[in-house]
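Take a look at the structure below.
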Amino acid sequence: MSTSADIGTAMPAFFGFAGSSLALVLANIGAAYGTGKAGVGIGAMGVMNPEAVMKNIIPVVMAGVIGIYGLIVAVLLSSAVTAPIQQNGESINVYGWDLGFKHFAAGLSVGLSGVGAGYAIGLVGDAGVKAVGRQP
Amino acid sequence: MVGTNLTQVLCDSDFCNTGWPTILTHLSPFGWASMGIAFTLSLSIVGAAWGIFVTGSSIMGAAIKAPRIRSKNLVSVIFCEATAIYGVIMAIILMGKMEDPPASDKIEVYEWTTAYFAGYALFTAGIGVGLTNLASGVSVGIAGSSCALADAQNGSLFVKILIVEIFASALGIFGIIVGIIQSNMAAFPTPP
């Protein structure tokens, strides 16, 4: 029988799942910024130089790849959080604090580096495609 | 339990927060799950609405001098709307994972560990999908806006810049994939 003292045993799972979601969300924020900013640059240079637009889609693809990195790590981390097992009619948590914090840190590191990478891709892509539009 | 010693050091009352245990266990797992459902729906819709107003205002402004762009560029608005639909789908999936809470005389025999695990999983799935769709919706809106303005100048640019929008809306699909995987880990126990 579970008692009220057992309500705290599944707490590490919050950090494990939060790491997975943070990896996804932050990497996609970076990818979204990169896609939008580079897309605006492509729209601007496409008016001047329509033939070069397909070549200049590359920054948008690079930003999408950052989103895929976040997706991969989020899937790996959320599969690593093990559910409580059933034993003698009550559920026992097997996912400890060490795993919880490790997974949280892993997700945070992927996510924040994705934000930085996506931001950089956006700015460089925007400036780059506009420069290519003027001087191929 | 973690944090028990800190209570005696920092404050003696039951009404002080002493750390993560207070936040994570003093909100019911059904509350965590419900907040996840609320966040996935509302944040996805905020992202879609943001994208629609960004692209819609550009389409209307550019259509003054180039009315031919009006029908084609509604595709950008549809891409933004898809973001909101991902949020609705995810909210319905998460709602299907919820069970009834135990009756008041069955609280001692309920499997709270599994319930808290499921509550955390649904909360983070919801927040993850909601925030991802927020970012995706804004990105699609910005790309759609530049698509409309470029299309007004040169009609051949529409299809090329639509590729940028497709990449932006792929981010929403990433969100829903991870949300479904996380919600599959959640299983509220049936009430005794």
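This structure is a prediction, so every number in the text was calculated from the model and none was measured. Computation of the quantities below employed the complete heavy-atom set of this structure, encompassing side-chain atoms and omitting hydrogens, waters and symmetry-equivalent molecules. Numbered from 1 within each chain, the chains take letters A, B, ... in sequence-line order.
B:S139 places a side-chain N or O within 3.5 Å of a backbone atom of A:A32 that can act as its donor or acceptor partner. Of the possible polar contacts, none joining the B:T55 side chain to the B:G51 backbone as a donor-acceptor pair under 3.5 Å is found. Side chain of B:K160 to main chain of A:P50: a donor-acceptor pair is present (N/O by atom type, distance under 3.5 Å, no hydrogens or angles).
Interface remark: of the candidates A:L77, A:I92, A:V47, A:V47 forms the most heavy-atom pairs closer than 4.5 Å to chain B. Of the listed residues B:L149, B:L157, B:I161, B:I177, the one with more heavy-atom pairs under 4.5 angstrom with chain A than any other is B:L157. Between chain A and the residues B:V140, B:V178, B:N184, the most heavy-atom pairs under 4.5 angstrom are made by B:V178. Note: B:A121 leads B:S136, B:A121, B:A168 in heavy-atom pairs under 4.5 Å with chain A. Chain B forms more heavy-atom pairs under 4.5 Å with one residue of A:A23, A:G43, A:G36, A:S78 than with any other, namely A:S78.
Connection of B:L43 to B:I45 is not established within any shared hydrophobic cluster, with ILVMFWY side chains joined at heavy-atom distances below 4.5 Å, either directly or through further cluster members. A:Y119 and A:Y69 fall into different hydrophobic clusters, where Ile, Leu, Val, Met, Phe, Trp and Tyr residues are linked whenever their side-chain heavy atoms come under 4.5 Å apart, directly or through other members. Placement of A:V60 and B:L162 in two distinct hydrophobic clusters is found when ILVMFWY residues are connected by side-chain heavy-atom separations under 4.5 Å, directly or transitively. Note on B:L41: it does not cluster hydrophobically with A:L24, by side-chain heavy-atom contacts below 4.5 Å among ILVMFWY residues. Hydrophobic clustering places A:L26 together with B:F39 (ILVMFWY residues linked when any side-chain heavy atoms are closer than 4.5 Å, directly or through intermediates).
Using a 4.5 Å cut-off between heavy atoms, A:I68 touches chain B through backbone and side chain atoms alike. Within the 4.5 angstrom heavy-atom criterion, only side-chain atoms of A:I57, from C-beta onward, approach chain B. When heavy atoms are compared at a cutoff of 4.5 Å, A:F15 approaches chain B solely by way of its side chain, counted from C-beta outward. At a 4.5 Å heavy-atom cutoff, the contact between B:A125 and chain A is made by backbone atoms alone.
Ring planes of B:F53 and B:W50: parallel class, angle under 30° (limits at 30 and 60°).
Contact residues of residues 60-70 of chain B toward chain A are absent (heavy-atom distance under 4.5 Å).
The shortest distance between side-chain heavy atoms of A:L123 and A:Y33 falls below 4.5 Å.
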